[in-house]
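Structure record follows, encoded as structure tokens.
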Amino acid sequence: MSTMAARLEFRDVTKRFADPRAGAVVAVEGVSLNVSDGEVVSLIGPSGCGKSTLLNMGAGLDPPNSGEVLVDGERVGGPSRHVAFMLQKDLLLPWRTIVENVELGQEILGVPRRDRRRRALDLLAKCRLPDFIDHYPHQLSGGMRQRAALARTLAVDPSVLLMDEPFSALDAQTKMVLQQDLGRTLADTGKTALFITHDLVEAVALSDRILVMSPRPGRIIREIVVAIPDRDNPMKRRQHPNVGAYVVELMNLLQIEQAAA
Amino acid sequence: MILASALLFVGFLAAWQWMPALFGIPAFIIPSVGTVWDEFLRMLGHDRLVFHTAITAMQVGIGFILGVLLGIVCGFALGLSPSAEFVLSPYILALQIAPKVAFAPLFIIWFGYTVYPKILVCILIVFFPIMINVLGAVRALDPDIVRLARAFTASRVQVFWKIELPAAMPPLFAGLRIAATLAVIGVLVGELVGGNIGLGYLLAFGEGAGNTAMVFVTIILLTLIGIVLYGLVVLVEGRVLHYLPARARLAT
Ligand SMILES: Nc1ncnc2c1ncn2[C@@H]1O[C@H](COP(=O)(O)OP(=O)(O)OP(=O)(O)O)[C@@H](O)[C@H]1O
Ligand SMILES: [Mg+2]
């Protein structure tokens with residue numbers, strides 16, 4: 001397979017939920033998208049348009065009603081060790097120390113204790129948390145906790161990362177620092193990522209491509225290629241003069257001004 | 001702090017020794033510390049006090065452990081299976097509301113004047129706070145944590161051992177503290193209703209004989225059994241829940 005082969009692919013995916021009042025809610029309809037190896041793609045769209053639903057299907061937690069999801073060309077039938085996901089909530093387990101939390105995924109996969117500890121410590125050092133390995137989650141700030149969650153996600157060495165608004169609960173400054181960490185890590189490790197966000201600048205700063213979704217039932221209405229250099233350096237990218245133009249384009253697509261009027 | 005506690009205790013003993021006499025309260029209402037101590041020594045020699053205390057303590061221990069295990073198992077079973085809870089909840093509720101001590105005579109009819117009815121009442125009374133707390137903990141668990149584990153390809157068994165069980169520990173220990181105080185009550189009621197062994201028997205005997213000091217001795221020993229059990233729970237809790245922030249832990 002060439003390097004441009006799709007790591008993650010959605011083929012004409014539709015997802016409905018049973019709803020006591022409306023009978024059925026169509027969350028997403030006929031969505032096709034693909035993310036190539038090493039590519040970072042952001043998904044943006046109005047609240048409730050089915051972004052999280054897509055991610056859950058990618059993680060194998062929820063099957064689509066029709067269409068199929070493929071990872072490395074193989075149909076996703078359930079959770080896979082090649083896909084890891086990360087949410088807005090850090091979901092660190094309060095009874096585990098930070099390093100034990102980072103080891104969770106490897107532990108589930110049956111990685112030997114010594115190997116997983118080595119990898120966890122390595123990642124915590126990369127995520128700049130080496131002094132907090134033996135602390136419990138409640139002893140860390142929100143930004144540090146989310147960094148530990150990132151380390152936990154990377155620890156299983158997934159080929160595809162699915163992230164659902166991972167930084168949306170953080171303050172603006174911490175957020176920028178974590179975006180920088182993520183941008184660098186994704187570039188260094190060459191990971192493939194599908195990234196959900198409501199933060200338009202974040203989407204521009206981090207991604208190769210942005211997919212814009214319509215209100216529910218969610219479809220992809222536009223694909224925007226972010227032609228700004230330095231994807232490994234979101235901080236620098238933010239300052240690029242073209243960012244404003246992308247943000248305006250996204251605002252128009254999402255009809256944000258109309259909604260405010 | 002410790003000094004203040006010790007001083008308070010000495011003050012309490014002194015007040016108990018001399019205050020009743022000062023207010024003209026007769027010894028058959030409130031016997032002095034000295035009298036109670038003498039009675040304690042007499043009971044050690046003549047009433048097989050050690051034997052009766054050991055019997056009661058053993059019943060409390062067995063009833064507590066069995067009731068806790070049963071409560072944990074049922075709490076998880078119902079918590080993890082909403083349909084089972086739906087079907088069984090009216091019965092559980094009825095059994096929870098029913099005064100458990102009322103079952104003591106029934107159990108004695110069934111099992112005679114043995115240790116079994118006492119242990120059974122104890123199990124019944126210990127069971128509920130444990131089951132309810134475990135059930136609540138399972139329900140309160142953030143489903144996203146379970147989804148995260150599943151996304152890491154965790155099996156059902158792994159989700160239980162790595163997520164659901166440890167997540168239930170803080171409420172379980174809150175339940176254990178309550179259960180520890182109830183366990184003694186369960187056994188005592190069984191002993192009071194019938195039989196000729198255990199501290200409950202001595203208590204009823206002392207009452208019949210108008211021996212207030214004997215009643216005091218038994219009450220104190222029953223309390224001590226409860227304190228030991230409660231202390232053990234707190235000890236284990238400290239080890240298991242060591243990760244909780246200090247403010248989330250209780251002083252006693
Ligand atoms: N388990 C479910 N059962 C029923 N309906 C659901 C379920 N999950 C999602 N939905 C519905 O599907 C639609 C899409 O939800 P989803 O969470 O994917 O939206 P979203 O784009 O992630 O929104 P947000 O930006 O607010 O996170 C919503 O209308 C939601 O009510
Ligand atoms: Mg969402």
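Proteins get letters first, then strands, A, B, ... in listed order; numbering begins at 1 in each.
Between R150(B) and P79(A), the shortest heavy-atom distance links the atoms O-CB, 3.0 Å. Of all heavy-atom pairs spanning Y136(A) and H242(B), the tightest one is OH-CE1, 2.6 Å. Here the closest heavy-atom approach between residue A167(B) and residue W95(A) is recorded as CA-CZ3, 3.5 Å.
Note that CD of Q158(B) is 9.0 Å distant from CG of L104(A), once rounded to the nearest 0.5 Å. In this structure, CG in N56(A) is found 4.0 Å from CZ in R147(B), a value given to the nearest 0.5 Å. The distance from the OG1 atom of T153(B) to the CD1 atom of I108(A) is 6.5 Å, given to the nearest 0.5 Å. Taking CG from L61(A) and CG from L148(B), the interatomic distance works out to 9.0 Å, rounded to the nearest 0.5 Å. The structure places CZ of R152(A) at 5.5 Å from CZ of F152(B), a figure rounded to the nearest 0.5 Å.
Among the candidates P94(A), A59(A), G60(A), P137(A), the residue making the largest number of heavy-atom pairs closer than 4.5 Å to chain B is P94(A).
Atom CZ of R113(A) has 12 or fewer heavy atoms from other residues, nucleotides or ligands within 6.0 Å. Heavy atoms from other residues, nucleotides or ligands lying under 6.0 Å from CZ of F160(B) number more than 12.
Only the backbone of S80(A) comes within less than 4.5 Å of a heavy atom of chain B; no side-chain atom from C-beta onward does. Contact annotation for F85(A): both backbone and side-chain heavy atoms come within less than 4.5 Å of a heavy atom of chain B. In this structure, the portions of L91(A) lying under 4.5 Å from any heavy atom of chain B include both its backbone and its side chain. At a 4.5 Å heavy-atom cutoff, the contact between L93(A) and chain B is made by side-chain atoms alone. With a 4.5 angstrom heavy-atom cutoff, R96(A) touches chain B only via side-chain atoms.
Side-chain contact between K89(A) and D142(B) is present, with at least one heavy-atom pair separated by less than 4.5 Å.
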